[in-house]
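Quick notes on the structure that follows.
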Amino acid sequence: MKEERTKRRFRWYWIPLGLIGLILLLIGGLIAFLHSMLPWQNLLAATSNMKVELSEKQKAYVTGGERDYSTLPEVLAAEDGTVITDTQQFEARREQILELFEENVYGPLPKDGFETSFEVVEEGEALDGAAIRKQIRITVSTGKGSSDALMLLYLPNTGTPSPVVIGLNTGGNHAALDDGNILVSYSYDADDEKIQEERGGRAYRWNIRDSIARGYAVATIYSGDFAPDNRDAYGTRVISLFDEEEFKAVGAWAFGLMRGIDYLVTDEGIDAAHIAAVGHSRLGKAAIWAGVNDTRIGMVISNDSGNSGASLSRGNRGETVCSINKVFPHWFCSKYAQYGKNENELPVDQNLLLAAVAPRLLYVASAEDDLWADPQGAWNGLMAAKDAFALYGLPVLPDSEEQPPVDTPLWCESMGYHVRSGWHDMEAADWEFYLTYMDTYFRDR
């Protein structure tokens with residue numbers, strides 16, 4: 001009997017089916033990889049980075065449920081367990097806190113072994129005569145060489161010293177205001193056509209016109225002038241001047257912010273007793289780190305600073321210690337990654353850092369849809385920090401497990417908080433809250 005052979009014919013639809021199968025495998029593999037770093041709640045929170053609208057049920061899944069704060073370090077307890085009852089004891093506790101954060105999170109922050117010099121490279125009237133614009137070259141020098149950064153400063157043209165808000169930017173100084181006289185930041189890499197397109201593109205984030213009208217100077221420096229946000233190149237610029245392997249990007253940005261203040265306290269147009277440091281996102285982390293290390297900063301403003309900023313690492317529902325170290329290993333000291341899946345073993349948490357701002361002013365802000373930055377964790381961090389401010393006899397916000405309503409700021413003489421409607425950004429609405437708070441509690445303090 002003759003065997004019949006049947007040949008399987010090629011079908012055209014096998015190609016799209018195969019491609020669909022491959023895509024599904026890749027998506028599944030990506031989700032499995034991300035889930036290896038993030039619990040499901042946190043993984044869903046990551047969609048806020050892409051501005052994906054979640055349903056109320058999905059938001060409740062991300063933010064709801066109990067958070068484990070059973071191992072949260074006590075603000076008013078020394079490392080040996082001694083209960084802190086007066087401000088002198090807390091001053092010693094602050095030094096402990098800074099040492100612990102240097103060792104376990106941010107790495108060392110150079111405090112000596114360098115010189116800082118300044119040159120005003122451009123000056124002129126701006127904003128139809130309402131302001132004086134200055135651009136200052138800041139040079140940091142050590143025995144290994146030097147590195148320059150360019151600070152952009154707008155001063156109210158009043159002839160009297162003004163309080164100032166200083167912060168770093170990620171878009172280059174030229175993006176902070178539509179002013180053709182703004183020089184390009186030293187390390188900003190783009191062609192002339194792109195720079196012209198970008199001029200003033202982030203003016204909303206710096207609110208210079210309104211701040212000047214309300215009597216506040218504004219200063220900003222491109223963060224890349226101190227350290228590129230690049231895991232391969234971060235060690236250039238300022239970091240290359242020091243023989244310290246654990247001097248990382250967040251530390252370099254905080255260091256740079258402090259060098260900007262070195263100039264501000266010499267400028268006769270600045271009220272050096274009223275310097276506020278502001279930072280958004282990663283630069284919010286740097287602003288807090290600079291603020292706790294530099295007492296010339298009278299007010300610290302954290303805008304959407306998230307994990308390793310104002311939000312607690314324990315119980316975090318957005319970015320985690322594990323994921324942030326995987327994606328941005330150049331931001332923190334190498335030891336920090338060891339706590340990636342065991343935050344409860346961290347000898348610190350962000351409530352201690354926020355507490356170290358006391359008795360100076362602290363403002364923490366979040367955005368409603370910015371789940372990756374864990375707004376509830378930021379609120380909980382502030383609540384867990386306030387005992388330090390009370391120790392100095394300052395009024396503090398009332399205890400509450402719930403954040404204040406959206407777009408409704410809550411503040412007192414020592415601290416403020418708001419959660420703004422919208423996404424991860426620093427907007428005019430945030431500045432309105434900051435400046436109103438400063439009008440009320442800061443400028444005459």
Around atom CG of Asn342, are there more than 12 heavy atoms of other residues, nucleotides or ligands at under 6.0 Å?
yes

Before giving the answer on side chain to side chain contact (heavy atoms under 4.5 Å, CB included), spell out for Arg445 and Leu361 the whole-Å C-alpha distance, their side-chain angles and the decisive distance to 0.1 Å.
CA-CA 10 Å; Arg445 192 178 196 231; Leu361 304 188; 3.5 Å; yes

Under 3.5 Å: donor-acceptor pair, side chain of Ser211, backbone of Tyr216:
no

Report the distance from atom CD1 of Ile270 to atom CD1 of Ile166, rounding to the nearest 0.5 Å.
9.0 Å

What's the spacing between Trp253 CH2 and Ile221 CD1 if we round to 0.5 Å?
14.0 Å

To the nearest 0.5 Å, how far apart are CG in Leu155 and CD in Glu268?
11.5 Å

Does the Asp304 side chain pair with the main chain of His424, one donor and one acceptor, at a distance under 3.5 Å?
no

Could you check whether Arg282 and Thr170, counting side-chain N and O atoms only, form a donor-acceptor pair closer than 3.5 Å?
no

Quick one: list whatever passes ring pair (Phe, Tyr, Trp, His ring centres under 6.0 Å) with Tyr434, sequence neighbours left out.
Tyr363, His418

Give a yes or no answer on whether the side chain of Lys386 reaches the backbone of Leu397 with a donor-acceptor pair at less than 3.5 Å.
yes

Leu312 backbone acceptor or donor facing Asn316 side chain under 3.5 Å
yes

Compare all side-chain heavy atoms of Tyr336 with those of Val321 and state whether any distance is below 4.5 angstrom.
yes

Under the side chain to side chain donor-acceptor pair (under 3.5 Å) criterion, do Asn181 and Asp179 qualify, and how do the steps go?
CA-CA 5 Å; Asn181 293 293; Asp179 181 345; 3.3 Å; yes

Test item: side-chain donor near acceptor, Gln350 and Ser308, under 3.5 Å:
no

Regarding Gln135 and Glu123, is there a side-chain donor-to-acceptor distance under 3.5 Å anywhere?
no

With no hydrogens and no angle check, just 3.5 Å: does a side-chain donor-acceptor pair link Thr436 and Arg214?
yes

Leu72 versus Ala384, closest heavy-atom pair with distance:
CD2-CB, 3.9 Å

Using 30° and 60° as the class boundaries, would you call the ring planes of Tyr222 and Tyr188 parallel, tilted or perpendicular?
perpendicular

Inspect the contact between Asp369 and Lys59 and indicate whether a charged nitrogen and a carboxylate oxygen are less than 4.0 angstrom apart.
yes

In a check of side chain to side chain donor-acceptor pair (under 3.5 Å) between His330 and each of Asp229, Asp232, Asn230, which one passes?
Asp229

Heavy-atom neighbours of Lys144 NZ exceed 12 at 6.0 Å:
yes

Judged by atom type as modelled, is there a donor-acceptor pair below 3.5 Å linking the side chain of Gln41 to the main-chain atoms of Tyr61?
yes

Walk me through it: do Asn207 and Asp210 pass the test side chain to side chain contact (heavy atoms under 4.5 Å, CB included)?
CA-CA 6 Å; Asn207 202 56; Asp210 186 45; 3.5 Å; yes

Trp379 vs Asp374, test: side chain to side chain contact (heavy atoms under 4.5 Å, CB included). Steps then yes/no.
CA-CA 9 Å; Trp379 171 254; Asp374 192 20; over 6 Å; no

From Ile212 CD1 over to Ile132 CD1, what is the distance, rounded to the nearest 0.5 angstrom?
9.5 Å

Tell me the closest heavy-atom pair linking Gly416 and Trp411, and the distance in Å.
CA-CB, 3.6 Å

Say whether, by atom type as modelled, one donor and one acceptor occur between the side chain of Arg317 and the main chain of Gly64 under 3.5 angstrom.
yes

Are Asp271 and Ser162 linked by a side-chain donor-acceptor pair shorter than 3.5 Å?
no

NZ/NE/NH1/NH2 to OD/OE distance under 4.0 Å, Lys111 and Glu102:
yes

Does NZ or CZ of Arg360 fall inside the cone over Phe389's six-membered ring, less than 6.0 Å from its centre and within 45° of the axis?
no

Please check if the side chain of Glu244 supplies one atom and the backbone of Glu246 the other of a donor-acceptor pair under 3.5 Å.
yes

Donor-acceptor pair, Thr236 side chain versus Ala233 backbone, under 3.5 Å?
yes

Indicate the ring-plane relationship of Phe332 and Tyr106, choosing parallel, tilted or perpendicular according to the 30° and 60° boundaries.
tilted

Taking Tyr437 for its side chain and Met415 for its backbone only, find out whether a donor-acceptor pair lies under 3.5 Å.
yes

Should Asn380 and Gln376 be marked as a side chain to side chain donor-acceptor pair (under 3.5 Å) after you check the CA-CA gap, both sets of side-chain angles, and the distance that decides it?
CA-CA 6 Å; Asn380 293 347; Gln376 184 65 46; 2.9 Å; yes

Basic-acidic side-chain contact under 4.0 Å: Asp349, Arg314
yes

Could you check whether any side-chain N or O of Trp431 sits under 3.5 Å from a backbone N or O of Arg205, counting only pairs where one atom can act as donor and the other as acceptor?
yes

Working for side chain to side chain contact (heavy atoms under 4.5 Å, CB included), residues Glu125 and Asn157:
CA-CA 8 Å; Glu125 283 195 349; Asn157 194 6; 3.5 Å; yes

Worked verdict on Thr320 versus Asn42 for side chain to side chain donor-acceptor pair (under 3.5 Å)
CA-CA 8 Å; Thr320 64; Asn42 303 66; 5.7 Å; no

Do other residues, nucleotides or ligands put more than 12 heavy atoms under 6.0 Å from the CG atom of Asp191?
yes

Go through the steps for Tyr339 and Asn325 under the test side chain to side chain donor-acceptor pair (under 3.5 Å), then give the verdict.
CA-CA 10 Å; Tyr339 301 102; Asn325 278 283; over 6 Å; no

Please find the pair of heavy atoms, one from Val75 and one from Leu352, that lie closest to each other, and give the distance.
CA-CD2, 3.8 Å

Please work out which of the three classes, parallel, tilted or perpendicular, describes the rings of Phe255 and Phe242, given edges at 30° and 60°.
perpendicular

Do Tyr417 and Ser366 pair up side chain to side chain, a donor and an acceptor below 3.5 Å, judged on atom types alone?
yes

At what distance, to the nearest 0.5 angstrom, does CD1 of Ile138 lie from CG of Asp225?
9.0 Å

Is a donor from one side chain sitting under 3.5 angstrom from an acceptor on the other, for Arg137 and Tyr186?
yes

Should we count CD of Glu122 as having more than 12 external heavy atoms under 6.0 Å?
yes

Report, as yes or no, whether the 6.0 Å neighbourhood of atom NZ on Lys57 holds more than 12 heavy atoms from other residues, nucleotides or ligands.
no

OG of Ser223 to CZ of Arg237, rounded to nearest 0.5 Å, is 11.0 Å

What's the shortest heavy-atom distance between Thr266 and Asp262, and which atoms?
CG2-O, 3.4 Å

List, one per line, each side-chain donor-acceptor pair under 3.5 Å for residues 23-31, sequence neighbours excluded.
none

